[in-house]
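Since the model is a prediction, treat every value here as computed from it, not as a measurement. For the numbers below, each heavy atom of this structure counts, side chains included, while hydrogens, waters and symmetry mates do not.
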Amino acid sequence: DRNCIYLTRGKCGNCAKVCPTDAVDYEDKAETVEIKVGSIVLASGFEPYDPGRYDTFGYTRHKNVITSLEFERLLAASGPTLGHVVRPSDKKEPGRVAFLQCVGSRDVHQGAKGYCSSICCTSAVKEAGLAMDHVKGLEASIFYMDMRTTGKDFERYYNRAQENGVRFIKTRVSSLGPGEEEGDLEIRYTSPEGLLKKETFNLVVLSVGLTPGAGIGEQAERLDLELDQEGFPKGDFFKPVRTGREGIYVCGAVQEPKDIPQSVIDASAAAGEAAAFLAPARGSLARSKEPVEETDVIGEPPRIGVFVCHCGTNIAGVVDVEAVEEYAKGLPYVAHTERNLFSCSQDSQEKIAQVIKEHQLNRLVVAACTPRTHEPLFQETATQAGLNKYLFEMANIRNQCSWVHSQEPEKATEKSKELVAMAVAKAAGLRPLQEQELAINDQALVIGGGAAGMEAAANLADQ
């Protein structure tokens with residue numbers, strides 16, 4: 001990342017030169033692969049509106065005008081500036097950032113879409129709050145027509161942003177041009193009272209709308225699917241993930257602009273529909289993974305490996321993860337400690353498995369987020385390293401530390417150390433367990449007979 005040309009809009013090739021692995025290969029050629037399938041789920045996502053096509057807000061003329069997706073990448077710990085918020089022109093921290101809403105959606109400019117993209121308001125509220133966390137004293141202003149924070153509890157998120165000092169200005173920006181200082185930008189707008197105003201900002205973020213994914217028209221033609229007037233595949237009103245063709249389903253933002261929770265619900269529904277459609281052929285092409293021989297560690301003294309996760313700013317933005325790792329080194333039976341940017345990523349998983357083998361670890365502790373979602377993932381990592389999966393323990397330093405003590409970093413760090421100490425103490429006493437396979441009957445009980453319950457029952461019966 002340190003060698004990346006910041007926010008380049010072309011192909012510089014630097015990542016291929018500095019990458020220590022063969023992950024980047026610009027000389028790779030496309031190939032056509034044919035596979036036999038019984039069902040298709042279209043989940044190709046969306047395409048962000050390109051504000052450079054009809055450059056109303058100076059996206060291609062001013063370096064410090066960027067899109068919301070580019071700003072999202074800028075906020076990421078794995079981004080081009082390692083999570084430091086700086087502006088492209090001079091790499092300085094901005095003091096004032098403006099977010100312009102409805103760029104490319106609910107927009108009358110040529111090439112834009114008239115519909116609401118539904119996620120842009122909440123996205124801007126989130127980005128403004130994160131930016132203020134990253135840069136102390138930053139002033140974030142959001143220029144909007146209507147604040148549409150659709151989704152469960154998202155309105156509370158908007159209210160909290162107001163309480164935390166994010167400015168919300170109900171207007172449409174009429175023009176944007178260079179400010180008096182080099183790199184600054186001047187915005188002209190009409191205030192809610194009808195007065196013409198102008199303000200200077202160091203960085204402007206365009207909250208771009210969502211459009212149908214690239215190539216969806218070609219896919220629809222090939223699959224004989226009908227598109228609506230906006231270019232999204234049509235679905236059944238009462239069974240939204242179904243299309244006009246049996247066995248072909250859609251989910252997520254390929255169908256219409258949607259946020260993550262709704263896309264996850266769609267994915268579950270599409271999987272259920274596909275499973276029901278394929279019920280007669282279930283298991284006919286199934287392949288099983290070759291099991292890794294398990295290492296016998298009974299009788300060995302514990303050799304515990306502790307892996308502390310940054311999780312971007314989710315954890316490291318509050319918890320001093322370096323201090324937590326250093327603390328873990330002094331705990332009984334700890335033979336190896338390490339920090340990962342994202343422990344749940346595929347490369348980190350492979351690295352953890354390799355470290356277990358190299359250091360002959362017989363217990364694994366990961367200090368990261370919730371075991372509710374990630375425990376099976378790390379158990380699988382242990383299994384691939386030849387370690388019994390029940391020799392794994394997890395410390396939840398995200399939900400129980402960085403999230404609930406976000407305003408108390410010192411206390412969050414101390415609590416993280418205590419949770420890691422408890423996880424290590426428990427890991428030292430763990431013993432390998434063996435799972436048994438039990439037969440099950442083909443009966444299901446659905447509790448709740450509303451629309452969701454009846455739909456679940458009907459889908460299970462079809463499967």
- Check: E47/T211 side-chain N/O donor and acceptor closer than 3.5 Å: no
- Item | Between F99 and Y144, ring centroids under 6.0 Å | no
- Query: Can you find a side-chain donor-acceptor pair between T200 and E186 that sits under 3.5 Å?
  - Reply: no
- Item | K289: side chain to side chain donor-acceptor pair (under 3.5 Å) partners, not counting sequence neighbours | E380
Quick one: side chains of residues 125-135, donor-acceptor pairs under 3.5 Å with protein atoms, not counting sequence neighbours, listed by atom name and distance.
residue	atom	partner	partner atom	Å
K126	NZ	E72	OE1	3.2
K126	NZ	E72	OE2	2.6
H134	ND1	G83	O	2.7

- Is the count of non-hydrogen atoms from other residues, nucleotides or ligands lying under 6.0 Å from K239 atom NZ greater than 12? yes
- Those residues at least two apart in sequence (or on a different chain) that pass side-chain contact (heavy atoms from CB on, under 4.5 Å) with D347 are S345
- Task: Using the test side-chain contact (heavy atoms from CB on, under 4.5 Å), find all partners of E322 that sit at least two apart in sequence or belong to another chain.
- Result: H310, D320, R339
- Any chance CZ of R282 has more than 12 other-residue heavy atoms, nucleotides or ligands included, within less than 6.0 Å? yes
- Query: With the threshold set at 4.0 Å, does a side-chain nitrogen-carboxylate oxygen contact exist between E418 and K415?
  - Reply: no
- Going by the ring-ring contact (aromatic ring centres under 6.0 Å, His included) test, which pairs reach into residues 392-417, not counting sequence neighbours? F378-F392
- Message: Could you check whether Y189 and E199, counting side-chain N and O atoms only, form a donor-acceptor pair closer than 3.5 Å?
- Response: yes
- Message: Going by salt bridge (charged side-chain N to carboxylate O under 4.0 Å, His left out), name the pairs with one or both residues in residues 106-120, residues two or more places apart or in two chains.
- Response: R106-D146
- Query: Under the side chain to side chain donor-acceptor pair (under 3.5 Å) criterion, do N399 and T370 qualify, and how do the steps go?
  - Reply: CA-CA 7 Å; N399 302 45; T370 172; 4.8 Å; no
- Query: Got a salt bridge between D50 and R53, using NZ or NE/NH1/NH2 to carboxylate O under 4.0 Å?
  - Reply: no
- With sequence neighbours excluded, residues passing side chain to side chain donor-acceptor pair (under 3.5 Å) with E218: R222
- Quick one: which residue pairs count as a ring-ring contact (aromatic ring centres under 6.0 Å, His included) with a foot in residues 196-220, not counting sequence neighbours? F143-F201
- Task: Identify, with sequence neighbours excluded, every residue that meets side-chain contact (heavy atoms from CB on, under 4.5 Å) alongside L223.
- Result: I40, L42, L225, I248
- Does NZ in K198 sit with more than 12 non-hydrogen atoms of other residues, nucleotides or ligands closer than 6.0 Å? no
- Note on the structure: Between the CG atom in L445 and the CG atom in L460, the distance rounded to the nearest 0.5 Å is 10.5 Å
- Message: Just to verify, what does E163 make a side chain to side chain donor-acceptor pair (under 3.5 Å) with, not counting sequence neighbours?
- Response: none
- Query: T56: what forms a side-chain contact (heavy atoms from CB on, under 4.5 Å) with it, not counting sequence neighbours?
  - Reply: H109
- Ion pair present between D153 and R160, side-chain N to carboxylate O less than 4.0 angstrom? no
- Message: Quick test of your reading of the model: are R61 and D55 salt-bridged, counting only N-O distances below 4.0 Å?
- Response: yes
- Item | Sequence-distant partners of Y158, ring-ring contact (aromatic ring centres under 6.0 Å, His included), two or more places apart | F168
- Given side chain to side chain contact (heavy atoms under 4.5 Å, CB included), test E338 with K351 step by step and report yes or no. CA-CA 11 Å; E338 204 166 295; K351 183 181 178 184; 2.8 Å; yes
- Indicate whether the side chain of N459 and that of E455 have a donor and an acceptor atom separated by less than 3.5 Å. no
- Please walk me through it: do N202 and N64 pass side chain to side chain contact (heavy atoms under 4.5 Å, CB included)? CA-CA 7 Å; N202 308 121; N64 294 331; over 6 Å; no
